[in-house]
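Contents: one structure, followed by commentary.
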Amino acid sequence: MNVLSALSQTDLVIIGGGINGAGLAALAAYSGLSVVLFEKGDFASGTSSKSTKLIHGGIRYLEQGRLSLVLGSLRERRHLLECAPHLVHPLPFLLPVYRDDPRPAWKLKIGLWLYDLLAGPRNISRHRWYSPARIHDKVPTLRGQDLTGCGLYFDAQVNDARLVLENILAAQQAGARCLNYCGVTKVESAPDGFKVRYRREGGSIDGTLHTSFLVNASGPWANRTSEILPTHPQKWVRPTRGTHIVVPQVLPEEAILVQARDGRVLFVIPWRGCSLVGTTDLDESGNPDTLQPMESEINYLLKEASRVLPSLDWSRKKVISAFSGLRPLAWTEGGQTSSVSREDRIERQGRTLTIVGGKLTTYQTMARKALKLVQEALGRRKASHGFPSLPGTPQGPWGPFLRDTVSRWRVPNRVDPTLPYHLAKLYGAVGEKVLDLLRNDEKLREPLFNGGQDVAAQIAYAVREEKAVHLTDLLFRRLELGYGPHRWGPVAETASRVMARELDWSEEVRLAELDRYRKELFPAP
Ligand code: FAD
């Protein structure tokens, strides 16, 4: 059976369901093109769920004088805070300065002032400056020796995997067909376009589709993808690996940004009741499908974090989990990884287009640039409708939505009364649909683990509405529990049972799913 049974022809095929593919699919479908997106794994299973999870202007680029890059990113930050408040929220950053740092306090103060200025009148909040004594009172665990002061400024944190997912769902609402676990295997030239061959996971289903235009949005896989296209194979990306570790919570509210001894930037960020520490930046030429954190990276992160917060225990046993992603940086020959441009590269060759580089933060700008080139090639320039709103975006501002709307969401007896807020923060306006499921089915009220707020209804919702196919999709990306202290044991057991019920899995399949999930956990349980 062909997975796209009734469809044999489309305007646009997109290869890759990370943020760049998903964003372009949403915009292109909303502007009236017929779109099919193929993702060989789960949506966001590549780099787009392995980021530092920041929507940021990139304060460090100020030093390199790249004001327009920072200005553009700050504009996007403001826009995403407004249009996806359930996924993107403000995050304060502490910026301690030590006597031996290459950047003295006066230079940082100018940088923070400029960052506020570029953020404009709708800035999150203005920066502050703390003396060593005041910052010691606020964060006693911060190394005090040689501290000359500490800045505090604002950027934003994002749920990266769900930002991708909501773009996929928005694309579908606008008429696109988005398929996960369906990889493109070969593209051949055909009259007025291309013949695209695709294969469903497991190799059981093969199909072909004719498209007028093709986009390579396969991020770190872009070089490999170029080899299956009829155009001349080309090096599009120079992937660099970035690893994060998850450790017990260091600070509940503020993130810390410091310069590591080798000049890289180190973040310690509050995340899901833990702290995220990252990241590394090393050239990587291996297969993106088998990327794993390396012990040397984990040791590096522990060592650098212990320099900033020396009174805390940074031994290896404190690492709850770790994950690695590949930055799909636009190809350049030689030079240090940190000096490779983070800017995007969007290039059309006839009726194909490749979109690489950039960041999560700027995905909408990149999608707009890409769509313009696609429309030009197809001779379909139309007035842009802009981006469709995301499924979870509330109608009004976030504060009143939480206060007035969510407080009216009805919770059945014996269910945690704070559940509506938990669901609203994860799903935004559609959180009430999850509540509907548990109102109608008592079995879906089961908590996933003691002391946690997630409930079985979220699993049913992920399967029925969010295209979760495997246990890994659910635990790593729809709920992100796979990175926290409850990643194994009762959570996996309960989640696999609920998924088995939803998807009619035999016991054999359920155990195979548990095994597949366990193999992806790092470190192994
Ligand atoms: P991907 O997300 O990798 O998506 C490409 C997809 O293509 C994959 O899912 C893959 O499975 C699929 N694919 C490949 N081949 C095929 C095929 N043949 N058929 C079908 N599908 C295929 N940006 C920020 O804004 N803020 C941050 O804090 C930030 N931190 C980062 C930290 C790290 C460590 C890294 C690595 C990046 C970070 N970035 C950040 C950058 C950002 O994450 C990336 O620029 C962005 O996620 C790239 O998205 P993408 O869609 O191009 O690639």
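Both ligands and their constituent atoms are indexed starting at 1 by order of listing.
Summary of contacts: the protein heavy atom closest to atom 9 (O) of ligand 1 is Glu39 OE1, 2.7 Å. Given atom 39 (N) of ligand 1, the protein heavy atom at minimum distance is Ser51 CB, 4.0 Å. Summary of contacts: the protein heavy atom closest to atom 25 (O) of ligand 1 is Thr361 OG1, 2.7 Å. Residue, atom and distance of the protein heavy atom nearest to atom 42 (C) of ligand 1 are Leu360 N, 3.8 Å. With hydrogens left out, the protein atom closest to atom 30 (N) of ligand 1 is Thr52 N, 3.0 Å, a heavy atom. Protein heavy atom in closest approach to atom 3 (O) of ligand 1: Thr47 N, 2.9 Å. Residue, atom and distance of the protein heavy atom nearest to atom 2 (O) of ligand 1 are Ser48 OG, 2.5 Å. From the protein, the heavy atom lying nearest to atom 52 (O) of ligand 1 is Asn20 ND2, 2.9 Å.
Residue Thr362 holds its OG1 atom at 9.0 Å from NE2 of His56, rounded to the nearest 0.5 Å.
Between Glu304 and Arg264, none of the side-chain N atoms (NZ, or NE/NH1/NH2) sits under 4.0 Å from a carboxylate O, so this pair counts as no salt bridge. With respect to the salt-bridge test (charged N to carboxylate O, under 4.0 angstrom), the residues Arg316 and Glu295 qualify. Contact check on Glu201 versus Arg516 returns a salt bridge, with a Lys/Arg side-chain nitrogen under 4.0 Å from an Asp/Glu carboxylate oxygen.
Residues meeting the side chain to side chain contact (heavy atoms under 4.5 Å, CB included) test with Ala22, sequence neighbours left out: Val164, Asn167, Ile168.
The residue Ser324 has no part lying near ligand 1, judged by heavy-atom distances below 4.0 Å. The proximity of Leu326 to ligand 1, defined as any non-hydrogen pair under 4.0 Å, is limited to the backbone.
Side chain of Asn223 to backbone of Trp236: a donor-acceptor contact under 3.5 angstrom is found.
Partner Asp42 forms a side-chain hydrogen bond (donor to acceptor under 3.5 Å, both in side chains) with one of Arg478, His470, Lys467 and no other, that one being Arg478.
At a threshold of 4.5 Å between non-hydrogen side-chain atoms, the residues Leu27 and Phe387 count as touching.
Residue contacts with ligand 1 include His56, since one of its heavy atoms falls under 4.0 Å from the ligand. Using a 4.0 Å cutoff on heavy atoms, Arg224 does not count as a contact of ligand 1.
Applying the side-chain hydrogen bond (donor to acceptor under 3.5 Å, both in side chains) test to residues at least two apart or on different chains, the pairs with a partner in residues 10-25 are Thr10-Ser34, Asp11-Ser34, Asp11-Arg380.
Residue Val184 places at least one N or O, backbone or side chain, under 3.5 Å from an N or O of ligand 1.
Interface atoms of ligand 1 facing Lys50, defined by a heavy-atom separation under 4.0 Å, are 33 (C), 34 (C). Ligand 1 places these atoms under 4.0 Å from at least one heavy atom of Gly183: 19 (N), 20 (C).
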